[in-house]
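Single-structure report; data block below.
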Amino acid sequence: MAKHETPMLDQLESGPWPSFVSDLKAQAEKRAKNEEGINFQIPVDVVDDLLGVLELSYKHGRTHWKHGGIVGVFGYGGGVIGRYCDQPQQFPGVAHFHTMRVAQPGGKFYTTDYLRQICDIWDMRGSGITNMHGSTGDIIFLGTTTPQLEEVFFELTHNMNQDLGGSGSNLRTPADCIGQARCEYACYDTQDLCYDLTQEYQDELHRPAFPYKFKFKFDGCPNCCVASIARSDLSFIGTWKDDIKIDQEAVQAYIGGELPPNAGAHSGRDWGKFDIQKEVIDRCPTECMWMDGKTLKIDNRECTRCMHCINVMPRALRIGDERGLSILAGAKAPILDGAQMGTLIVPFIEAEAPYTKIKEEVIEPIWDWWMEEGKNRERLGELMKRQGLQRVIEVLGVDPDPRMVQEPRHNPYIFWKEEEVEGGFDRDINEFRKYHQR
Ligand code: HEM
Ligand code: HEM
Ligand code: SF4
Ligand code: SF4
């Protein structure tokens, strides 16, 4: 017998999509039976009470979590999101319901052995409920009490060699696309760079020292499978400098219909016979492709490496061999002054371990600037708006590059540095009056 009536939630058990309600009910029942004889460290009926409070929220149309919550583990300034129910008498099982962020591996590849071990810890010391994964990337342990935080942390670190993720005004948990592990488009080892920078900046991740949060994300190519351009303050996107590699025989196999366009991604519907002119050449944003008889040609100088042709004909077209990445800065959600996507600040940089140039010539100068100049709770993107893109260029110590703007400014409110202007800014009105009477 379920502890609380949940008529509204029950409706979400129908339909084809995996139901979170059915899963929660199964977990509630598993805890009630406790066939494994687990020595539960938080209330056995935590999941029943979670369903109960959620049903109440469905009824009221409002949340039943109190504002905020400040909990954590010694040594760190983040990693745990404290949370308390505003109906603790009715739902004592979720009176404390803190979330722990656990650092995930690059590309989220796991062994069942590892997952079993974290489940064992969480079954005993938490609700057994998770989020796999948070939007930032972390493994999310959903729901435990304050006294269990140090216990979970001890077991994670001592038994599993596993750290917490980030939260607060600091470097958050970096995340990456699967990259070279399983993708032929990957222009650098996203997992290695993600892992390397996560380790390098552990201090910045665990102990908030910034004006606000800061995120890294790593995409192997412009397809952006981890959406770095929209969801990270510094976005690392792989690309190449030389020519796209063309296998003309495979091009013919696409034209002849032996190979399906887009690796069969549109096979659910009849789009007619593949037409290279219509589907590739006429779609190229820079119109830099053409057929020369039976040969596909690309004017690579004009290619903006949008990935379209490669995505359509992955067996015939391949990324170049001179690989690296672009760095874009400033993406953020709307609060406070509007949503932003990343702005190109480094068109091309090599991405080979130990990544010294990326660290010393880009990340750290940007941090030095933002940590001094950023206002309280001002994201990098907002500082860039307030102080201007030219400040980023000064901070990086590079020359302005036409690739950093989509178009030049149309307003003439142009600032000059005094030393750029002959005679400087100190002028005497009497000197002016000698030539112009009032
Ligand atoms: C009690 C209040 C809150 C709780 C418990 C909470 C918890 C969380 C958690 C667990 C995540 C996922 C972390 C991850 O994916 O690794 C998250 C993400 C996020 N939170 Fe909150 N949060 C709260 C309030 C807020 C508020 C007030 C804001 C904005 C003003 C906010 C903005 C965000 C954003 C933008 C993300 C997504 C980040 C991304 O997509 O990478 N949160 N939050
Ligand atoms: C027939 C000749 C001119 C016409 C019809 C003209 C017209 C205008 C107009 C319509 C404005 C905009 C006012 C506003 O939007 O607030 C303006 C502003 C201005 N004009 Fe002229 N103008 C003329 C000649 C000049 C010359 C010869 C100079 C300087 C040598 C000059 C200097 C300025 C300046 C400094 C402003 C103010 C810009 C600002 O601070 O917003 N104008 N003029
Ligand atoms: S972002 Fe590019 S390299 Fe990474 S998984 Fe997606 S397509 Fe592959
Ligand atoms: S990658 Fe894009 S811009 Fe470059 S040739 Fe292919 S379609 Fe054209």
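Just follow the structure's listing: the first ligand is 1, and inside any ligand the first atom is 1. As the structure is a computational prediction, the values presented were derived from the model and not from experiment.
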Student check: side-chain heavy atoms of S167 and I81 closer than 4.5 Å: yes
Protein residue, atom and distance nearest to atom 8 (Fe) of ligand 3, heavy-atom basis: C183 SG, 2.3 Å
Side-chain donor-acceptor pair present, Q387, E373, cut-off under 3.5 Å: yes
Numbered atoms and elements of ligand 3 in range of N223, under 4.0 angstrom, heavy atoms: 7 (S)
Atom indices of ligand 3 within 4.0 angstrom of Y185 heavy atoms, with elements: 3 (S), 7 (S)
Student check: side-chain heavy atoms of E350 and R323 closer than 4.5 Å: no
Protein contact of atom 2 (Fe) of ligand 3 - nearest heavy atom, named by residue and atom, plus distance: C221 SG, 2.3 Å
Heavy-atom check, side chain of M132 versus side chain of L115, under 4.5 Å: yes
Donor-acceptor contact below 3.5 Å, side chain Q27 vs main chain S127: yes
Salt bridge present between R318 and D247 (N-O < 4.0 angstrom): no
Where ligand 4 meets C288 - atom numbers and elements under 4.0 angstrom, heavy-atom basis: 5 (S), 8 (Fe)
Steps toward side chain to side chain donor-acceptor pair (under 3.5 Å) verdict (N262, N311): CA-CA 6 Å; N262 294 84; N311 287 337; over 6 Å; no
Atom 2 (Fe) of ligand 4 reached by C306 (N, O or S, under 2.8 Å): yes
Contacting atoms of ligand 4, where contact means under 4.0 angstrom from a heavy atom of C309: 1 (S), 5 (S), 6 (Fe), 7 (S)
Minimum-distance protein heavy atom relative to atom 3 (S) of ligand 4: T304 N, 3.5 Å
Contacting atoms of ligand 4, where contact means under 4.0 angstrom from a heavy atom of M289: 5 (S)
CA sep, side-chain torsions, deciding dist, call: H98, T144, side chain to side chain donor-acceptor pair (under 3.5 Å): CA-CA 5 Å; H98 311 323; T144 193; over 6 Å; no
Contact atoms of ligand 3, heavy-atom distance to A186 under 4.0 Å: 3 (S)
Among C225, G107, A227, C177, closest by any non-hydrogen atom to atom 4 (Fe) of ligand 3: C177
Per-residue contact class, C224 against ligand 3 - non-hydrogen pairs under 4.0 Å: backbone
